[in-house]
Structure formats: structure tokens, C-alpha cells
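Working notes, structure below.
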Amino acid sequence: MDKLMLIDGNSIIYRAFFAMPPLTNSSGLHTNAVYGFTTMLLRLLEEHKPTHVMVAFDAGKITFRHEGYQEYKGGRQKTPPELSEQFPLLKELLTGLGIAQFELEGYEADDIIGTLTRMADEESRKVLVITGDKDMLQLASEQVQVGLTRKGVTEIELYDPAHIQEKYGLTPLQIIDLKGLMGDASDNIPGIPGVGEKTALKLLHQFGSVEDVLDNTGELKGKMKEKIETHAEDARMSKKLATIYREVPLDKTWESIAWSGLKEETAGPALAKLEFKSLLERLSFSAGGGSGAVPAAAEAEINVVIIKAEMLAELEELMPKVEALHVETYGENPHRASVIGMALTVGDTQYYVPFELLQEKAASPLKDWLGNHEAVKRGYDLHRVDLALHWHGIAFQGAAFDVQLAGYLLDPTDSNQTLTALAAKYQLPSIQPDEEIFGKGAKYKLPAEDVLAAHLARKAQVIAALIPAQEEELERNEMQKLFHELEMPLSRILADMEKQGIKVNTDDLKALGQEFEQQISKLVLEIYSIAGTEFNINSTKQLGEILFDKLGLPVIKKTKTGYSTDAEVLEKLAPYHEIVQHILQYRQLAKLQSTYVEGLLKEISAQTGKVHTYFRQTIAATGRLSSQFPNLQNIPIRLEEGRKIRKVFVPSEEGWSILAADYSQIELRVLAHISDDARLKEAFVHDMDIHTKTASDVFGVPAEAVDSDMRRSAKAVNFGIVYGISDYGLSQNLNITRKEAAKFIDQYFEVFQGVRKYMDDIVQEAKRDGYVTTLLERRRYLPEINASNFNLRSFAERTAMNTPIQGTAADIIKLAMVQMDEALRTHNLRSRMLLQVHDELVFEVPEDELETMKKLVPATMEAALQLSVPLKAEVSYGSNWYEAK
DNA sequence: TCATTCACG
DNA sequence: ACGTACGTGAATGAG
């Protein structure tokens with residue numbers, strides 16, 4: 001059956017432009033948007049194999065929509081010239097790819113697509129519409145699916161009427177009403193002021209359509225009613241503007257958009273002209289064009305040798321030639337993961353070794369190779385591989401290139417760093433998603449051995465092919481040092497720390513749990529008795545009913561599902577009713593009990609009596625680590641009750657100590673360095689109390705005159721500065737008005753002018769380049785920095801301010817870890833690095849090394865990277881983590 | 001699976 | 001006019 005694909009050209013190229021890093025060809029022409037468009041297009045062609053394809057473009061500045069409303073699309077930022085110049089390139093390329101393009105003076109791409117989908121509906125043809133514009137959901141029907149881009153253009157979410165119903169509770173046509181009510185800033189469609197998506201949805205669920213809302217304003221009250229009545233005309237007009245016109249006079253036939261696959265002789269030269277080498281390679285086209293048609297996509301042929309016991313001896317000679325390996329594991333927690341098997345790629349041949357075979361004694365050539373740190377390994381998520389193999393008694397050393405880690409550095413916000421995604425990103429032969437091979441969750445099941453072998457072999461093959469492409473991109477981004485000299489070495493260090501683990505005193509932890517248990521049950525009884533009924537205190541829904549319906553306490557804040565009952569709200573309610581204080585206490589203890597007592601107990605290894613966390617190196621967008629199974633980066637410290645938990649973390653050997661060292665004010669020191677702000681630098685050069693100093697400068701009083709309240713405010717401002725300040729955020733934090741907060745910020749910037757300049761410059765830089773970097777060239781793309789949506793843009797701006805600071809601090813402690821690992825070796829020390837908590841390192845140290853370590857650790861941390869202000873690290877130690885304070 | 005809450009830096 | 005402070009992970013309830 002025919003499958004039609006209709007693409008909203010303007011919408012997609014715009015998205016691609018902002019989602020892709022700048023890219024120019026040798027003649028300086030920008031090509032990033034065309035590249036993004038093309039990769040997406042090729043993927044769609046491969047996935048959906050359409051028989052007809054068409055790309056629609058807007059034509060003419062004035063459309064029929066302007067006739068009734070002059071301001072339509074007014075106030076919109078002019079298309080950047082870097083993008084405008086790419087339209088002709090895209091059109092030429094589409095011609096080369098054999099794809100039809102429509103545009104018609106006075107109409108937008110939406111209208112052309114709307115018309116074609118109407119025709120398709122009438123003729124019962126299946127259509128897929130591709131766009132970045134949510135309004136197009138109004139076209140969805142039994143025949144018509146709408147694919148909306150997500151996260152730039154890398155993901156597409158398919159919508160049919162059922163999915164729209166599920167997500168918004170609306171029919172496709174009600175999408176028009178939605179926009180009529182809420183408007184659309186990017187098209188300058190007004191809607192009703194003060195009505196956003198939430199309110200609009202509520203109104204539509206209640207009434208059904210814009211007209212029904214306007215006819216029934218009597219059922220509304222207050223400000224809402226007033227606003228809707230005043231702006232009734234705006235709503236009617238907005239709805240009209242948002243309605244896609246589906247009667248464009250098109251004299252085209254379906255034949256004119258038929259697509260018969262890529263032809264090398266036209267597609268090759270078109271791609272070559274734009275210098276899209278990776279695409280050419282992936283399609284195995286030559287730049288000059290060649291013979292015959294090539295299918296749009298193909299799963300590569302694979303040549304796998306399944307290794308049997310009798311072949312093991314022959315492998316010894318093969319091992320040095322291995323270009324890439326893939327070890328498949330199963331299980332979220334790598335310390336408890338099983339190992340399925342291993343694939344090796346050597347030239348055009350792949351080898352598959354079932355794990356049972358690898359465990360045999362006869363497999364020692366293989367195991368020796370795996371454990372030999374001089375034999376380089378290139379693979380995917382080698383950190384996990386190392387851990388999984390370790391717990392099965394197999395040593396893994398010599399990781400030289402990890403494509404997952406490289407993928408993370410090249411785009412740390414891309415949460416999908418699977419090989420399937422990486423292969424697609426680099427236009428390599430596609431890898432079937434693991435889910436399709438193994439099934440997911442409880443349905444996980446190993447496929448037949450030949451299927452498994454082929455899947456793993458394909459992975460190994462793709463890893464080998466990814467490496468040169470990633471290496472090149474790393475070089476282009478000046479991230480080679482970051483990757484090879486920091487992140488790769490760190491990956492091994494983390495694995496060592498995790499294998500080592502940290503000892504937990506189980507008895508003490510259980511005893512602590514009993515104490516908590518007693519207090520909790522007492523509180524529960526009191527709460528029931530005050531409430532006059534038993535209910536589940538953990539249920540926010542039931543708690544809300546008790547507090548607000550039964551006891552009639554004032555509603556401070558709502559969530560989208562009901563009443564908010566978070567700590568902030570409860571603090572405000574405390575004066576009204578004695579139950580609230582009890583609930584706060586209950587919450588605190590219940591958290592400690594479930595997460596830290598019970599949660600930790602579950603994670604203690606029966607084998608070692610320790611907890612072995614898993615530090616993830618490819619998650620945080622800023623370059624920080626994260627910690628799982630258990631998370632040891634959020635063990636309580638702020639409140640004494642919780643802090644007691646730290647007493648159960650003890651040295652693993654008799655007579656040893658826990659030693660902890662943390663950076664003092666590392667983020668503000670980093671800010672002083674990168675902003676080059678004279679006053680901030682001065683504060684650190686003289687090692688002053690930074691919050692007091694800030695208060696004294698901002699309030700213009702001598703340091704002695706700074707009282708605790710002034711210092712507290714200054715501290716909040718300093719936090720705000722690091723997070724990318726906003727008056728709203730600061731006002732929330734300090735419980736003051738937005739105006740007062742704005743005044744604070746103003747005063748701060750008056751004094752710290754270098755900081756102000758940094759904040760302005762970094763946002764400009766992000767807008768220009770589409771990304772920000774840390775001191776070590778770690779990079780984070782901010783596709784939304786030029787968004788027309790205020791919230792998205794503001795968020796991106798704050799991120800632009802925060803990421804270089806938080807990210808550079810992460811760079812520094814990572815450097816310190818690599819240097820510390822080296823120092824422990826060169827000094828022949830038995831002390832072990834156990835944990836990293838963002839600005840803190842935790843060690844276990846034998847008695848006779850305490851004096852050495854007390855100096856060595858802070859000295860190494862302070863010397864990790866030379867800044868224009870000194871770094872400071874403070875060290876402490878004791879018989880457990882609590883005492884090391 | 002999503003939303004809410006809360007622990008950390 | 002808009003309505004959030006930056007970055008994480010775990011436990012719980014509800015659908």
C-alpha cells in the first residue's frame with residue numbers, strides 16, 4: 001500500500017538550525033541546518049520506507065492570514081542570515097535526492113500539507129506528516145499520523161488521534177481551540193492574556209471549544225471571567241488564525257510526489273557538493289555518482305564466526321589485531337550484571353564468544369588479553385564491562401576508547417547514547433534496538449545463538465567504525481585532551497573505587513533503623529489521633545484531603561494533580577494546626593528510614609559487607625558524576641538526625657581512618673577566575689569569608705558591621721549568581737518580593753561588574769555559537785537559547801551562565817582524582833580513594849599514612865588546575881564518615 | 001510509567 | 001505577559 005510522507009520544510013529546517021552546532025563547508029557556507037534536515041530525512045526514509053514524499057515550504061511574506069490580522073507573525077525575529085543562505089542549498093539537495101517540493105505564493109507550508117492530508121483522508125491514503133509545529137496535530141485522523149520532532153530533530157514522536165486524546169484529552173480539531181485560547185507568541189497570535197496551556201486545557205475539558213467557552217462565561221468567575229469576556233474577539237480571531245487552510249488550489253497529482261529511492265548518480269554529487277562525507281560514506285555513494293539505484297537503507301551484511309572450544313587456542317595470534325570489542329551485559333547495576341557474551345571485530349570478520357566459553361580454563365588467551373593493560377581495548381561502556389567482568393572473576397584493563405563516553409562528551413545532554421542511536425547519528429549501518437532483540441523488563445530473553453552473535457557482532461563492527469568519526473569530531477571541538485587524558489583515565493579510576501566499595505556497619509545501621517522506627521510509630525499514632533482517622537500519610541492525595549478538606553487549612557500551592565504538601569507549604573501551615581509539625585517530622589524520619597536505612601541495607605554486598613556504588617560518567621549535562629545503587633552522593637548531612645547515617649560508613653580495615661577533603665567555595669572561585677572580576681578575585685586571594693565579604697560590598701558597610709541576616713542574604717545572592725540569577729528565584733529563596741530581589745541583584749552587579757560582564761557575555765556567546773564550554777573545553781549545546789518561548793529561552797540563558805561554572809568545578813575535581821590516583825601510586829601508599837561527592841573526596845587511610853595523606857590530599861586538590869585565584873581544600877578525618885567533618 | 005517529595009552538592 | 005533558581009537519584013503512591 002502507498003505510504004505518503006509530507007514534510008513541513010520551514011519548520012524542520014528551523015529546528016535543525018538551532019539544534020545543530022554551527023557547521024560550514026570549505027567555502028564558508030553554513031550547512032548545519034541542511035545537514036540536520038538531511039540526517040533526519042534519511043532516517044525517516046529508512047524507517048518508514050514511503051512511496052511518496054514531499055517537502056512543503058512557505059512562500060511569500062504576505063499570506064492570506066495577514067488580510068484579517070496585520071500583525072500575524074509580527075515581532076518575530078528575522079531569520080538569521082546563516083539560516084537563510086541554507087534554503088537554496090536544501091532545495092538543491094532535495095532535487096538531487098529525487099524528492100518533490102511544493103510552495104505556493106501566499107500560502108504557508110501548513111496549508112499545503114493540510115490540503116494534501118484532506119485529499120488523502122478522502123481517498124483513504126495513509127499519510128505521515130513531519131513537523132516541529134504542534135498546531136499541525138489538528139490534521140491527525142485515522143489516515144493521518146503527525147510526527148512531531150523532539151529534542152531538536154533527533155527524535156520524532158508519532159501522534160494519532162488516540163495519542164492526542166491521551167496526552168491532552170482533546171480531539172485533533174480541538175488543538176485549534178487550544179491555540180485560540182492560549183495564543184502563540186512565535187506567530188504573534190494573541191489568544192487570551194493570562195491563559196496558558198494549563199488553563200486552556202481546563203477550559204476545553206469543561207466546555208469543548210472556544211465558542212462554547214465564550215457562550216458560557218457565566219459559569220466562570222473572578223479575573224478569569226473578566227479576561228475571557230474582554231478578549232472574546234481575540235480568541236475568535238486567534239482560532240481563525242490557527243486553523244490550517246485545507247483548500248489550497250493545488251493542481252498536482254500524487255504521481256508528482258512519488259519517490260522511488262535514492263539514485264546514486266544524482267544524490268551522490270548533491271551530497272558531495274555540500275561536503276557531507278559521512279552521509280556519502282554511509283550510503284556508500286561516490287561523489288561523482290555511479291551506476292544504478294541503491295536502496296534507501298540496508299542492514300549491513302555480517303560475517304560472524306562463532307567461537308567453539310577447539311578454536312580458542314588459535315585466538316592468541318588474533319587478539320592483537322582486534323579493532324573493537326563488545327561485551328554484552330544484562331542488568332542495570334553493573335556490579336550485579338550478568339555477562340552474555342563478547343564480540344570482536346578484526347577487519348571484515350567478527351568473532352562471537354559465548355560467556356560460558358570465556359569462563360573455561362581453555363579461554364586463557366582471551367582472558368589474558370582482556371586483563372593485559374597494554375593490550376588496548378576499544379568498545380562501548382567499558383566502565384560497565386570492567387565491573388561486570390570483575391565480579392565474574394575476569395580482569396579487564398587497557399580501555400583506550402569508549403564510544404559511549406565519547407558520545408557523551410560530544411553531546412552530554414543526549415540521553416540516548418545507545419549504540420543504536422550512535423550508529424544512526426553517524427549514518428553507520430543500523431543496529432536493531434536491544435529491546436527488539438532481547439525484549440524488555442520481565443520479558444527479557446536471549447534469542448537464538450546465531451541471532452545473538454549477529455547482533456553483538458554488528459555492535460562491535462559499528463564501534464570500530466564510530467571511533468574515527470568521533471575522534472575527528474573530538475579534534476574539531478578541541479576535546480581530545482579532555483577525552484584521552486581526563487575522562488578515559490578517570491573511567492578506570494572510578495571502576496577501581498567502585499570495586500573497592502565502602503564498608504558499612506550493618507549492626508549500627510539496623511540499630512539506627514530501630515530508633516527511627518520507634519519515633520515513626522509514635523508520630524503515626526499522634527497524627528491519626530489528631531486527624532481523627534487513619535490514613536496513608538505517605539499519600540499526598542490522602543494527606544491533602546485531611547489537611548485542606550477535613551481540617552480546612554489554607555491552600556498555599558497546587559500541583560497539577562492536586563494540593564501541594566511539600567515541606568515549603570507545610571512550614572507555612574505549621575502555625576495553623578499542630579498536626580503539621582508532626583507530619584514534617586514524620587516525613588523527615590520516613591525519608592531516613594526508607595531511603596537511607598532500608599535502602600542502604602538492601603545494597604550491602606553479602607560478599608564484601610560493603611556498598612559498591614556505581615558512578616555514572618555519562619549522565620550529568622554539566623560534566624559532574626552521578627552515583628547509583630546506592631547513591632552515595634546524597635547521604636544526609638544538613639540535619640543532625642540524618643547526619644547520624646554517616647556513622648555507619650567505616651574503614652574496611654582495622655585501625656584505619658576515613659579521611660575526607662572538600663573544596664572550599666570552588667564554584668565561586670571558578671567564577672572569580674572566568675569572570676576576572678577584580679573584587680571577587682581579591683576576596684579569594686585574601687581568603688576572606690566570601691558571603692560576609694559580599695554582604696559588606698553590596699551593603700557598603702565594613703565587614704564587622706555585617707550581621708547574620710545580611711550575610712544570609714548575600715549567601716543566597718551568591719548561590720543565585722552561580723545558578724544563573726533571576727529576581728524570581730532569589731525572591732523565592734529569601735522569601736522577599738521580586739522587586740526587593742531585583743534590587744539586591746542590581747546592587748550586586750554594581751559592585752561586581754566583572755561578574756555582570758561575564759553573565760552578559762556568556763549568554764551572547766551561547767546565542768552566537770549555540771553552546772557554552774568549560775575551562776577544559778567540555779561543551780554543552782543550548783538549542784533553546786534563541787527560542788521565542790520566554791521560558792525555554794530564559795532556562796537556556798541561566799544554563800549558559802551556570803554550566804561553565806559547575807562544569808569547570810567538575811573538570812577540576814576530576815583532574816584532582818586522576819592526579820591523586822597517580823600520587824597514591826608514586827608514593828606507594830595503601831590508602832584508597834573511595835568516593836567523590838562533587839566537591840569532596842573520601843578516602844580510607846591506614847594509621848601510618850595519616851600524616852602523609854593529611855597533606856597530600858589537599859595539596860593535590862589545590863594544585864589540580866592553576867587559576868587566577870587559589871583553590872582551597874579542607875581536610876578532616878575520623879573513625880567513620882560522620883567523624884570526618 | 002509518571003508525579004511528588006526530599007536527600008545531596 | 002511569561003512564572004524558574006543549577007545539577008542529580010530513590011522511594012512512594014496512583015493510574
Side-chain angles (χ1 to χ4, degrees), chain A residues 182-183 185 190-198 227 412-413 441 536-544 557 559-570 584 587-588 590-600 602-603 613-616 619-639 641-643 645-646 662-663 665-667 716-717 719-734 738 741 745 780 788-807 809-810 813 835-840:
Chain A
M182 63 186 274
I192 295 174
V195 173
E197 181 171 306
K198 271 191 198 161
K227 268 195 235 156
T413 51
N536 186 343
I537 311 172
N538 290 326
S539 159
T540 47
K541 191 161 167 263
Q542 292 181 36
L543 179 61
K557 196 165 64 173
T559 67
K560 59 178 152 183
T561 52
Y563 305 119
S564 172
T565 66
D566 64 22
E568 204 189 310
V569 168
L570 294 183
L584 278 164
R587 280 251 176 100
Q588 193 200 333
K591 176 84 176 182
L592 294 174
Q593 184 73 316
S594 67
T595 305
Y596 297 103
V597 176
E598 288 162 8
L600 214 48
K602 273 184 243 162
E603 295 292 344
T613 191
Y614 171 45
F615 286 111
R616 300 197 64 180
I619 298 296
T622 53
R624 277 189 174 185
L625 300 176
S626 83
S627 157
Q628 276 184 317
F629 317 128
N631 181 353
L632 293 183
Q633 291 183 320
N634 71 346
I635 302 301
I637 189 166
R638 292 173 189 169
L639 300 173
E641 294 91 322
R643 194 172 193 157
I645 299 280
R646 293 187 172 227
D662 66 313
Y663 280 113
Q665 301 299 347
I666 188 168
E667 292 188 335
V717 173
F719 265 94
I721 291 293
V722 169
Y723 291 157
I725 195 128
S726 74
D727 48 12
Y728 182 83
L730 183 65
S731 73
Q732 290 295 300
N733 194 286
L734 281 178
R738 221 179 54 194
I745 294 168
R780 177 173 181 178
S788 54
N789 178 308
F790 174 88
N791 279 327
L792 291 179
R793 190 176 62 245
S794 304
F795 192 11
E797 288 171 357
R798 292 194 301 275
T799 309
M801 301 184 231
N802 169 267
T803 295
I805 302 172
Q806 193 183 118
I813 194 163
L835 298 176
Q836 187 250 48
V837 193
H838 309 308
D839 65 354
E840 174 187 16

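Bear in mind that the values here come from a model prediction, so they are computed numbers and not experimental data. Every chain is numbered from 1, with letters handed out A, B, ... down the list of sequences.
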When the distance from [atom1] of [X] to [atom2] of [N] is rounded to whole Å, what number comes out?
| X | N | atom1 | atom2 | value |
| --- | --- | --- | --- | --- |
| A:Asn536 | C:dG15 | CG | P | 13 Å |
| A:Ile666 | B:dG9 | CD1 | P | 14 Å |
| A:Arg780 | C:dG7 | CZ | C1' | 8 Å |
| A:Gln628 | B:dA7 | CD | P | 20 Å |
| A:Gln806 | B:dG9 | CD | P | 13 Å |
| A:Glu641 | B:dA7 | CD | C1' | 14 Å |
| A:Ile725 | C:dG3 | CD1 | P | 21 Å |
| A:Phe615 | C:dG7 | CZ | C1' | 16 Å |

- On a whole-Å scale, what distance lies between the P atoms belonging to B:dA7 and C:dG3? 28 Å
- Message: Taking the P atom in each of B:dA3 and C:dT4, what is the distance between them to the nearest angstrom?
- Response: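 Result for the P pair: 15 Å, nearest Å.
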- Query: Paired with B:dC6 by Watson-Crick or G-U wobble geometry, both distances under 3.5 Å: which nucleotide is it?
  - Reply: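 With both distances under 3.5 Å, B:dC6 matches C:dG9.
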- Item | Whether A:Ser731 side chain and A:Ala741 backbone form a donor-acceptor pair below 3.5 Å |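 Looks like no, no N/O pair under 3.5 Å.
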- So, A:Thr803 side chain and A:Thr622 main chain: donor-acceptor pair closer than 3.5 Å or not? no
- Message: Nearest heavy atom decides the nucleotide; on that basis, is A:Arg798 or A:Phe790 closer to the 5' end of DNA chain C?
- Response: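 First, find each residue's nearest nucleotide; the 5'-ward one identifies A:Phe790.
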- Query: Any donor-acceptor pair under 3.5 Å joining the side chain of A:Arg616 to the base of C:dG9?
  - Reply: no
- Message: Should the side chain of A:Ser726 and the base of C:dT4 be counted as holding a donor-acceptor pair, with the cut-off at 3.5 Å?
- Response: yes
- Residue set satisfying salt bridge (charged side-chain N to carboxylate O under 4.0 Å, His left out) with A:Glu667, at least two apart, ordered chain then number -> A:Arg624
- Query: Does A:Asn538 have a side-chain nitrogen or oxygen under 4.0 Å from the phosphate oxygens OP1 or OP2 of C:dG13?
  - Reply: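 A:Asn538 to C:dG13 OP1/OP2: side-chain N or O found under 4.0 Å.
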- Message: Once you apply a heavy-atom cut-off of 4.0 Å, does A:Tyr728 come out as touching a base, just sugar-phosphate, or nothing?
- Response: base
- Query: When all nucleic acid strands are considered with a 4.0 Å heavy-atom cut-off, which category describes A:Gln542: base, sugar-phosphate, or nothing?
  - Reply: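 Contact class for A:Gln542: sugar-phosphate only.
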- Task: State which of B:dT5, B:dC8, C:dA5 makes the closest approach to the side chain of A:Ser564.
- Result: B:dT5
- Would you mind reporting whether A:Val717 and A:Leu730 have side-chain heavy atoms less than 4.5 Å apart?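 Yes, close enough: below the 4.5 Å cut-off.
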